[in-house]
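Here the structure is laid out as structure tokens; the discussion comes afterwards.
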Amino acid sequence: SLGERIAIARCHLASGDAASALDTLGTLGSAPLTAHAQAVEGAAWLELGQPIEAVQSLQKAIDDPRLRNPLREQAQLWLSRALIGIDDPGGAETRLKKLLNGSLASAGRLPSPGGVDPGEVRWWLAEAVRRVDGEDAARPIWQAIWSRNPTSAYSPRAAESLKGIGLPVP
């Protein structure tokens, strides 16, 4: 079934084997879980360094109202990363800011099971902003990662970025 193929494809992605994830998904029809499969397919394309294909799959997935959280939020993050990959940091910035509205904006917020890490969302937002407006514009976002998401795997990266532009990090 498509549900089983999606589960197996997600396991392939988690183990770093994006090509096998795509092979497992195969041809997608128009079943109720198609949006979920398209989201996983988009993530696989992103991991394979194919951001154009990723954008196409992820946009289809996000446009389907049947795609639910936490996969919807993951797809939004993946789409933002893919947009950065095709030199559309402004589009990524808009999507990432929407993701940070609501519960993900709270200080110390931890990812829900299967959900996105707010520190990672901020990291990619900083990257989008940096590409458009430079490192000075990304500085407050790096500071927010470091101070609001200290347990995130992106907090040390943010600290390094801050040090790289000459700001002290305690």
Side-chain angles (χ1 to χ4, degrees), residues 1-89 91-105 109-128 130-131 141 145 149-158 160-161:
S1 75
L2 181 56
E4 291 168 340
R5 291 183 5 230
I6 293 169
I8 293 168
R10 289 197 67 152
C11 289
H12 285 306
L13 270 178
S15 68
D17 189 358
S20 292
L22 288 174
D23 289 343
T24 300
L25 288 171
T27 303
L28 302 177
S30 60
L33 292 177
T34 300
H36 292 74
Q38 289 167 328
V40 174
E41 178 182 65
W45 282 122
L46 184 62
E47 293 305 313
L48 289 171
Q50 302 293 324
I52 293 172
E53 289 82 356
V55 166
Q56 293 169 351
S57 294
L58 291 164
Q59 191 61 61
K60 287 178 195 172
I62 290 166
D63 288 346
D64 190 326
R66 296 175 291 187
L67 184 66
R68 299 282 185 234
N69 282 331
L71 190 55
R72 177 172 285 283
E73 287 180 345
Q74 290 173 339
Q76 291 281 6
L77 177 59
W78 295 329
L79 177 57
S80 298
R81 289 176 50 200
L83 289 171
I84 290 170
I86 63 168
D87 293 325
D88 183 8
E93 181 180 355
T94 300
R95 289 186 175 281
L96 292 164
K97 283 181 176 177
K98 285 180 185 176
L99 260 179
L100 281 175
N101 286 336
S103 64
L104 288 181
R109 169 73 182 206
L110 297 174
S112 60
V116 298
D117 175 358
E120 183 178 6
V121 174
R122 284 189 173 93
W123 176 262
W124 288 105
L125 176 59
E127 180 60 20
R130 184 190 67 77
R131 289 184 182 216
I141 303 167
I145 297 167
N149 304 107
T151 60
S152 170
Y154 290 84
S155 185
R157 293 180 186 185
E160 287 302 314
S161 295

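Count residues from 1 along the sequence.
In this structure, A128 and A92 approach most closely via the heavy-atom pair CB-CB, 4.3 Å. For the pair P51 and A82, the tightest heavy-atom approach, listed with the atom from each and the gap, is CB-O, 3.6 Å. Looking at every heavy atom in both residues, P70 comes nearest to G114 through CB-O, 3.3 Å. Summarising the geometry of I141 relative to A126, their closest heavy-atom pair is CG2-CB, 3.6 Å, with the distance given to 0.1 Å. A pairwise comparison of heavy atoms in L77 and W124 identifies CD1-CD1, 4.0 Å as the closest pair. Of all heavy-atom pairs spanning S57 and W45, the tightest one is OG-CD1, 3.9 Å.
A 4.5 Å side-chain heavy-atom check between L83 and L79 finds at least one atom pair inside the cut-off. Under the 4.5 Å side-chain criterion, counting only non-hydrogen atoms from C-beta, E120 is not in contact with V116. For the pair W123 and S152, the minimum side-chain heavy-atom distance is 4.5 Å or more. Side-chain contact between D87 and R131: present, with at least one pair of heavy atoms (C-beta onward) separated by less than 4.5 Å.
Atoms CZ and NE2, from R5 and H36 in turn, are 14.5 Å apart once rounded to the nearest 0.5 Å. Atom CD of Q74 is separated from atom CD1 of I62 by 11.0 Å, given to the nearest 0.5 angstrom. N149 CG to T151 OG1: the interatomic distance, rounded to the nearest 0.5 Å, is 7.0 Å. We find the CZ-CG distance between R10 and L25 to be 11.0 Å, quoted to the nearest 0.5 Å. The CG atom of D64 sits 7.5 Å away from atom CZ of R72, with the distance rounded to the nearest 0.5 Å.
Tested against L13, the residues I8, T24, L22, V40 include a single side-chain contact (heavy atoms from CB on, under 4.5 Å) partner, V40. The side-chain contact (heavy atoms from CB on, under 4.5 Å) with R122 is formed by just one residue from the set L99, D117, L96, L100; it is L100.
Not one N or O on the side chain of R95 forms a donor-acceptor pair closer than 3.5 Å with the backbone of Q76. Looking only at distances, no side-chain donor or acceptor of Q59 sits under 3.5 Å from a matching main-chain atom of Q56.
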* Would you sort out whether L28 and L2 count as a side-chain contact (heavy atoms from CB on, under 4.5 Å), showing the intermediate values? => CA-CA 8 Å; L28 302 177; L2 181 56; 4.1 Å; yes

* Worked check of side-chain contact (heavy atoms from CB on, under 4.5 Å) between N101 and K97 -> CA-CA 7 Å; N101 286 336; K97 283 181 176 177; 5.8 Å; no

* Does the side-chain contact (heavy atoms from CB on, under 4.5 Å) test come out yes or no for L71 and W78, once each step is laid out? -> CA-CA 10 Å; L71 190 55; W78 295 329; 3.9 Å; yes

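Looking only at atom types and distance, the side chain of D17 has a donor-acceptor partner in the side chain of S20 under 3.5 Å away.
Salt-bridge annotation for E127 and R130: present, with a side-chain N of the basic residue lying under 4.0 Å from a carboxylate O of the acidic one. Salt-bridge check for E47 with R81: passed, with a basic side-chain N closer than 4.0 Å to an acidic carboxylate O.
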